[in-house]
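Note sheet for the following structure.
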Number of protein chains: 2
Amino acid sequence: MRDEADANLSVAAWTKRCYFAGRALMDATLRPYDLGSTQWYVLWHLAHKGPSVQRDLGGALELERATLSGIIATLVRKDLVEQTSSGEDQRQRLLTLTAAGEALWRKLPDLSFIHEAAFGGVDEAELATTIRVLQSATERLQNLLRKD
Amino acid sequence: MRDEADANLSVAAWTKRCYFAGRALMDATLRPYDLGSTQWYVLWHLAHKGPSVQRDLGGALELERATLSGIIATLVRKDLVEQTSSGEDQRQRLLTLTAAGEALWRKLPDLSFIHEAAFGGVDEAELATTIRVLQSATERLQNLLRKD
DNA sequence: TGACATTCGTTTGCTACCTTGCGATTGTTG
DNA sequence: CAACAATCGCAAGGTAGCAAACGAATGTCA
């Protein structure tokens, strides 16, 4: 949200702009494959960590159950992920890549160029400072949220 | 997106978490007034800068025309904003706060406590570093985006 | 065991972001 | 002036986030 010259934007405004710029580049790269960024994270997790229970995946990706539920539904509709009632607990669903899902994953481009483009070559100390500032802000905000 | 211990999250991950934490606190504060965060920004702009042409507001808030269109439609439905065909250019719409909009704006709590909670007391130099890192990352990402 | 509480996933409905494509208007230029 | 291009707002359709409420399955404890 810009209300002054670009140079005077607040930390908060730059945080938002940076987040959306990265998201946009990720989305643009994935568009030819008809994948959204969060869908990519799900595939990444299943490809690297193997089949997962939906609840655990939600924890790892920090998504609400309701949010993940919709994303998984989309991936199932596209036949990239299979959702089976995993034996033990009949409430839980086990998520597995389908053959089509594995095939697509192998075709996908490496996205690490995005992080590299954004932060490559930046002084290590400055990166560490940035992380510390953002982390402490996040924690303070979440504390305020919990107290309501 | 978390795939390691919290302490090892990347800058990108903290940028996202921080953005969403701030957004969540803002949304929670505005919920009793039945307002979303972007709706608040629109009201803020109209209250402080006076009536605006929709196109200009989109520029100031960095929203696509289509995105703003929906948000304005919501505010019009709630009778907080009036949308008139501003004389000169018959394509443009002039946005004005209604009486109800002004009344609501006066009742809204001050949200500056959020920015204060997040970044208050942080060393000035560290804040400046954070802004510089995020700004340069944003610019580099946007350059890549434009080149596609 | 039976009543109650909790957990997991889904559904519904909302905000907010995007792209694509359209109609209406306006600007430009041969 | 007429044809073409550009601009503005809207509509449709998609992704991704949230809260609230619900059914089914499971856990707990009197």
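Per chain, numbering begins at 1; letters A, B, ... match sequence-line order.
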Please give, in whole Å, the distance from [N] [atom2] to [X] [atom1]?
X      : N       : atom1 : atom2 : answer
R17(B) : dA16(D) : CZ    : C1'   : 18 Å
L95(A) : dC8(C)  : CG    : P     : 14 Å
D34(A) : dT15(D) : CG    : P     : 7 Å
L25(B) : dC18(D) : CG    : P     : 14 Å
D89(A) : dT6(C)  : CG    : P     : 17 Å
I72(B) : dA16(C) : CD1   : P     : 11 Å
D56(A) : dC8(C)  : CG    : P     : 9 Å
L43(A) : dT15(D) : CG    : C1'   : 14 Å

Checklist entry - Any donor-acceptor pair under 3.5 Å joining the side chain of R65(B) to the base of dG9(D)? => result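 Per atom types, the contact qualifies.
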Checklist entry - Between S52(A) and G50(A), is there a donor-acceptor pair closer than 3.5 Å when you use the side chain of the first and the backbone of the second? => result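 A pair under 3.5 Å: yes.
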Next on the checklist: Taking R65(B)'s backbone N and O only, do any of them form a donor-acceptor pair with S69(B)'s side chain (distance below 3.5 Å, no angle check)?
Outcome noted: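 Not a single qualifying donor-acceptor pair exists.
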Taking only side-chain N and O atoms of [X], does any of them lie within less than 4.0 angstrom of OP1 or OP2 on [N]?
X      : N       : value
T38(A) : dG17(D) : yes
S69(B) : dA11(D) : no
Q92(B) : dG9(D)  : no
T67(B) : dC18(C) : yes

Checklist entry - Looking for any heavy atom pair under 4.0 Å, which part of the strands does A66(A) touch: base, sugar-phosphate only, or nothing? => result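 Base contact.
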Next on the checklist: Within the 4.0 Å heavy-atom criterion, would you say D27(A) contacts the bases, only the backbone, or no part of the nucleic acid?
Outcome noted: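 D27(A): no heavy atom of the nucleic acid under 4.0 Å.
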Checklist entry - When the nearest nucleotide of DNA chain C is assigned to K78(B) and to V53(A) on a heavy-atom basis, which residue is associated with the more 5' position? => result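 That would be V53(A).
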Next on the checklist: On DNA chain C, does the nearest nucleotide to R55(A) precede the nearest nucleotide to F20(A) from the 5' side, or the other way round? Give the residue.
Outcome noted: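 The 5'-side residue here is R55(A).
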Checklist entry - Are Q92(A) and E88(A) close enough that a side-chain donor and a side-chain acceptor fall under 3.5 Å? => result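 There is no such pair between these side chains.
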Using the side-chain heavy atoms of [X], tell me which of these nucleotides is nearest: [options].
X      : options                   : answer
R91(A) : dT25(C), dA25(D), dA16(D) : dA25(D)
R23(A) : dG9(C), dA16(D), dT15(C)  : dA16(D)
Q83(A) : dT10(C), dT15(D), dC17(C) : dT10(C)

Checklist entry - Less than 4.5 Å apart, any side-chain heavy atom of W105(A) and any of H48(A)? => result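 Counting from C-beta outward, W105(A) and H48(A) do come under 4.5 Å.
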Checklist entry - Do K16(A) and Y19(A) touch side chain to side chain, with heavy atoms closer than 4.5 Å? => result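 Not touching, per the 4.5 Å side-chain cut-off.
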Checklist entry - If you pin Q90(A) and E64(A) to their nearest nucleotides in DNA chain D, which one's is more 5'? => result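 Nearer the 5' end of the strand: E64(A).
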Checklist entry - Given that R77(A) and L94(B) both sit by DNA chain D, which one's nearest nucleotide is further toward the 5' end? => result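 Looking at the nearest nucleotide for each, L94(B) comes out on the 5' side.
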Next on the checklist: Ring centroids only, cut at 6.0 angstrom: are F119(B) and H115(B) within range, meaning strictly under it?
Outcome noted: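 Ring-ring flag for F119(B)/H115(B): true, centres closer than 6.0 Å.
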